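Single-structure report; data block below.
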Amino acid sequence: MPVVIGKKPDHDFSNPVGMLSDCHRRVERFLGVLVNLSAHAGGALEDTQRASLEAALKYFREAGPLHTSDEEDSLFPRLRALDHPDVRAAMAQLDRLEADHRVAGPLHNEVDSLGRQWLAGTLTAASAIRLKFITRQLAELYTAHIAVEESLIFPLAAAVLGAAVHSEVGHEMATRRAVPYASPIPRS
């Protein structure tokens, strides 16, 4: 099944936590593409494999950093600013998630470089092995990372951050993507 970068998400900016979760589904799909393709790294790419590899590399090059900023610059600081017992209990997890981002960034850069080499037909046998290793490493990292965010951090944010804060986070996410943000219409 081809994955489309511009596919309409299930949530919009009025539900930033939902959008972050939607992004996790895309991370999982595109990372799955990279893991599956890298199992055969170095060989000739069929047209559909080439398109899938290009789309996955583009996703992590362009959308991945936006997602990290959404969390580290918008969501996590607002959680940290609260004097709430559940947030205080989750602080170590927030620190761990940010550490995961610092580990993942350079790995993504390396995958991008190796993937571009493969697309150009210049991937060496040693680099093919490295690509396979790194994509598996990223898959393991994201499995644990996403589990913590979706079982603890996102439900916590949904519960303790008020509507105004959700709106601020959603507005910042939209601004990061240079798209208009429409404030949610209050329901009666």
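Nothing here was measured: the structure is a model prediction, and the numbers come from that model. All residue numbers refer to positions in the sequence shown, counting from 1.
Judged by distance alone, the side chain of T124 and the main-chain N or O of S127 form a donor-acceptor pair under 3.5 Å. Using a distance-only test at 3.5 Å, with no hydrogens or angles considered, no donor-acceptor pair links the side chain of S167 to the main chain of A163. At distances below 3.5 Å, at least one donor-acceptor pair connects side-chain atoms of T143 with backbone N or O atoms of A139. Formation of a donor-acceptor pair under 3.5 Å by the R136 side chain with backbone atoms of V35 is not found in this model. Under a 3.5 Å cut-off, the side chain of N15 and the backbone N or O of H11 do not form any donor-acceptor pair. No side-chain donor-acceptor contact under 3.5 Å links H108 to the backbone of R61. When atom types are taken as modelled, the side chain of W118 and the backbone of L131 share no donor-acceptor pair closer than 3.5 angstrom.
No path of Ile, Leu, Val, Met, Phe, Trp and Tyr side chains, each step under 4.5 Å between heavy atoms, connects L97 with L66, placing them in separate hydrophobic clusters. A single hydrophobic cluster is not seen to contain both I129 and L114; linkage of ILVMFWY side chains at heavy-atom distances under 4.5 Å, directly or through other members, places them apart.
By the 4.5 Å heavy-atom criterion applied to side chains, L75 and F154 are counted as neighbours. S113 places a side-chain heavy atom less than 4.5 Å from the side chain of Q117. Two residues are said to be in side-chain contact when any heavy atoms from C-beta on lie closer than 4.5 Å; V160 and V87 meet this criterion. For the pair R25 and I146, the minimum side-chain heavy-atom distance is below 4.5 Å. Residues L161 and L82 meet the side-chain proximity criterion, which asks for heavy atoms closer than 4.5 Å. When side chains are defined from C-beta on, L34 does not count as touching I134, because their heavy atoms never get closer than 4.5 Å. F76 has its side chain within reach of I153: a pair of non-hydrogen atoms, C-beta onward, lies under 4.5 Å apart.
Taking a cutoff of 4.0 Å between a charged side-chain nitrogen and a carboxylate oxygen, R80 and D95 qualify as a salt bridge. A salt bridge is defined here as a Lys NZ or Arg NE, NH1 or NH2 lying under 4.0 Å from an Asp or Glu carboxylate O, and D112 with R116 meets this definition. The pair R96-E149 does not meet the salt-bridge criterion, since no charged nitrogen lies less than 4.0 angstrom from a carboxylate oxygen.
Using a 3.5 Å distance cut-off with no hydrogens or angles, the side chains of H101 and E71 do pair a donor with an acceptor. Side-chain atoms of H145 and H24 form no donor-acceptor pair, as typed in the model, at a separation below 3.5 Å. Between the side chains of E172 and S74, at least one donor-acceptor pair of N or O atoms lies under 3.5 Å.
Contact record, L123 with G42: CD2-N, 3.7 Å, taken as the closest heavy-atom pair. The minimum heavy-atom distance linking A41 with A128 is given by the pair O-CB, 3.5 Å. Between L152 and A90, the shortest heavy-atom contact is CD2-CB, 4.1 Å.
Distance check, rounded to the nearest 0.5 Å: OG of S21 to CZ of R26 gives 9.5 Å. To the nearest 0.5 angstrom, N109 atom CG is 12.5 Å from F60 atom CZ. Interatomic distance, L37 CG to L45 CG, rounded to the nearest 0.5 Å: 7.0 Å. Atom CZ of F13 and atom CE of M19 lie 4.0 Å apart (nearest 0.5 Å). Rounding to the nearest 0.5 angstrom, the gap separating the OG atom in S52 from the CD atom in E46 is 10.5 Å. Rounding to the nearest 0.5 Å gives a distance of 10.0 Å between NE2 of H171 and CD of E168.
Not less than 6.0 angstrom separates the ring centroid of H67 from the ring centroid of Y59.
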request  = Check the pair Y142 / D100 against side chain to side chain contact (heavy atoms under 4.5 Å, CB included), numbers first and verdict last.
outcome  = CA-CA 8 Å; Y142 277 112; D100 286 348; over 6 Å; no
key: side chain to side chain contact (heavy atoms under 4.5 Å, CB included) evaluation trace for F30 with L57   = CA-CA 8 Å; F30 282 116; L57 294 175; over 6 Å; no
inquiry  = Does T135 form a side chain to side chain contact (heavy atoms under 4.5 Å, CB included) with N36? I'd like the steps, not just the answer.
reply    = CA-CA 9 Å; T135 56; N36 290 335; over 6 Å; no
ask   = Could you go step by step and tell me if D83 and R88 meet the side chain to side chain contact (heavy atoms under 4.5 Å, CB included) rule?
value = CA-CA 7 Å; D83 185 24; R88 285 192 300 272; 2.4 Å; yes
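Scanning for salt bridge (charged side-chain N to carboxylate O under 4.0 Å, His left out) contacts around R176 gives D70, with sequence neighbours left out.
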